[in-house]
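Counting starts at 1 for both ligands and their atoms, following the listed order.
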Amino acid sequence: MVKRRQIGKLLIANRGEIALRIIRSAKTLGIRTVAVFSEADAKSLHVAAADEAICIGPPEASKSYLNSEVIIAAARTTGADAIHPGYGFLSERPEFARAVAEAGLVFVGPPAEVMAALGDKLAGRRIAREAGVPMVPGAESASPADIRAFAAREGYPILIKASAGGGGRGMRIVGNDSELEVALEAGSREAKAAFGDGRVFVEKYLARPRHVEVQILGDAHGNLIALGERDCSIQRRYQKIIEESPAPGLSDSTRARMLDAALALGRAVGYLSAGTVEFLVDGDKFYFLEVNTRLQVEHPVTELRFGCDLVAEQLRIASGERVSEVGAPVGAAIECRINAEDAANNFRPAAGTVLHLATPAGPGVRFDSHLEAGLEVGSHYDSLLGKLITFGASREQARRRMVVALGEFALLGVMNTAGFLRDIVASEPFARADLSTHFLEEFFPRWHPAQSDGIEAAMVAAAMVASGAFGTRNGRPAAPAAAAGPATTARRSPWDELSGFELWRPR
Ligand code: MV4
């Protein structure tokens, strides 16, 4: 008998666009919402959007969004009966999920024991192997001798990976026997430093794979469904920047086998809530990578194709209900993550004030963001400003809509990656879906904005200042102090020295 528990009030233990995203779905379900915020986020949109809000500490994440005690205390103080962790922060910490449950609250996500079982890469590989999920040929690193024997059998190059890690930290490519000892040492040392656990394992190195992941959704009634796949190959330093669904060029049979494998793994652990099973794809072969036991940043591309609300599904599951009936997927969707980074200067983190924001719209355009004019964007947290998602009947229609939408997007006052993303999506390699995890190094090893971007931005700013949008100083039009901060895509241009005001300059 499944325990049903009505969620009356939900605390969202996160910030930015995902906090706003969760609040919206909770409200739609008639659930009251509690936002938590650090002092740096006091004026953020998610605080205003929630029914209640409570400050949980100073800007440092360790003293606010990563402070599980203060978050659980905030739930008690406000009378919340459930906590949604979002992604990042505490979303994949089994000890947090356990503490929430022990406090008598509902954790919106998988149970702590499922999270723990899949959180360790080696343990996850064992579960996948026992579930018959294809794995990259590999070996658990018993010793250099064992690994040398593995390499003799499978051939070089091989890849050394951290068991406790993710995101590429601790990874070392080994091209031959002579490099092995040093690489093992270095990989294990980096893993120990990064994760407090130096265990490593090895796999045959796939030279040009794609990263394709499967969305799964499980309830307490034994229902477990796969909601298609997402291709997330276009990454920079293991951070996804563009995701899409369906994975281009994947045959129906490969797709069916991949979804079946993801479900077999989910069933093996009794998966609950939303989760993602990651694979490497090499031609028509796929290999298990790891499981993410949280809702992912890129979940909207799945929502648009299946016409579902994954946050609402998580809340239904957490209250003991069944997952909704979901139809067959339609069309294609693409997501671009717009980050506060300077793409023309090694993606240096950017900060500033949102002086002007124009958000795209139109058929098949969705913009998930907490941005609004006047918002101070700092660099306390990750650089995500918002996600632009487009949907179309075909990939080409979704792609064209993305190019147009990125062209409509304007953010003055905070340097951002919209121009970079637009050039990628408009490019021929992207249009022909020549995707792999090496896409950026192959096709966009460096990037500079078109000069026109700078002039357009400067013209908008000039018009705003001339219109008195920023008041006057000493009787003259005054650009705001923040305007002296980083520009958006504005670059040095003939408009820089415009009479009557000082235009911001790229740093
Ligand atoms: C691999 C691989 C090639 N061969 N494993 C990178 C981080 C971690 N999630 C696994 N990763 C990879 N594992 C084998 N045997 C290439 C990568 C990889 C990668 C994987 C997915 C998405 C982006 C990537 C970028 C670089 C390397």
Query raised in the report: Using the ring of each side chain (for Trp, its six-membered ring), is Y65 parallel, tilted or perpendicular to F89, with breaks at 30° and 60°?
Result: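 Geometry flag for F89 against Y65: parallel rings.
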Report task. Starting from the C-alpha separation in whole Å, work towards a yes-or-no answer on side chain to side chain contact (heavy atoms under 4.5 Å, CB included) for I22 and H46. Result -> CA-CA 9 Å; I22 295 165; H46 79 280; over 6 Å; no
When you measure from [atom] to every protein heavy atom, which one gives the shortest distance, and what is it?
atom: atom 13 (N) of ligand 1; answer: K161 NZ, 3.1 Å
atom: atom 4 (N) of ligand 1; answer: L206 N, 2.9 Å
atom: atom 19 (C) of ligand 1; answer: T437 CG2, 3.7 Å
atom: atom 16 (C) of ligand 1; answer: P209 CG, 4.2 Å
atom: atom 2 (C) of ligand 1; answer: L280 CD1, 3.7 Å
atom: atom 7 (C) of ligand 1; answer: G168 N, 3.5 Å

Query raised in the report: Quick one: is the NZ or CZ of R395 closer than 6.0 Å to the six-membered ring centre of F430, and within 45° of its axis?
Result: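 Yes, cation above the ring, under 6.0 Å and within 45°.
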Query - Among K387, R337, R230, side-chain hydrogen bond (donor to acceptor under 3.5 Å, both in side chains) partner for E243 - result: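 Answer after filtering K387, R337, R230: R337.
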What atoms in ligand 1 come closer than 4.0 Å to a heavy atom of [X]?
X: E290; value: 9 (N)
X: E203; value: 5 (N), 14 (C), 15 (N)
X: Y205; value: 3 (C), 4 (N)
X: L159; value: 1 (C), 2 (C), 4 (N), 5 (N), 13 (N), 14 (C)
X: V136; value: 15 (N)
X: H211; value: 21 (C), 22 (C)

Distance-only polar pair, side chains of [X] and [Y], donor-acceptor under 3.5 Å:
X: E341; Y: T417; answer: no
X: T437; Y: Q235; answer: no
X: S25; Y: D309; answer: yes
X: R316; Y: S324; answer: yes

Heavy-atom nearest neighbour of [atom] within options [options]:
atom: atom 26 (C) of ligand 1; options: Y238, F279, Y287; answer: Y238
atom: atom 23 (C) of ligand 1; options: R210, Q235, R236; answer: Q235
atom: atom 17 (C) of ligand 1; options: E278, H438, M171; answer: M171

Query raised in the report: So, for V365 and A405, which heavy atoms are closest and what is the spacing to 0.1 Å?
Result: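 Nearest pair, atom of V365 first, then A405: CG1-CB, 4.2 Å.
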Query raised in the report: Taking NZ, NE, NH1 and NH2 as the nitrogens, is one of them in E244 or R305 under 4.0 Å from a carboxylate oxygen of the other?
Result: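 Between R305 and E244 there is no salt bridge, as every charged N stays at least 4.0 Å from the carboxylate O atoms.
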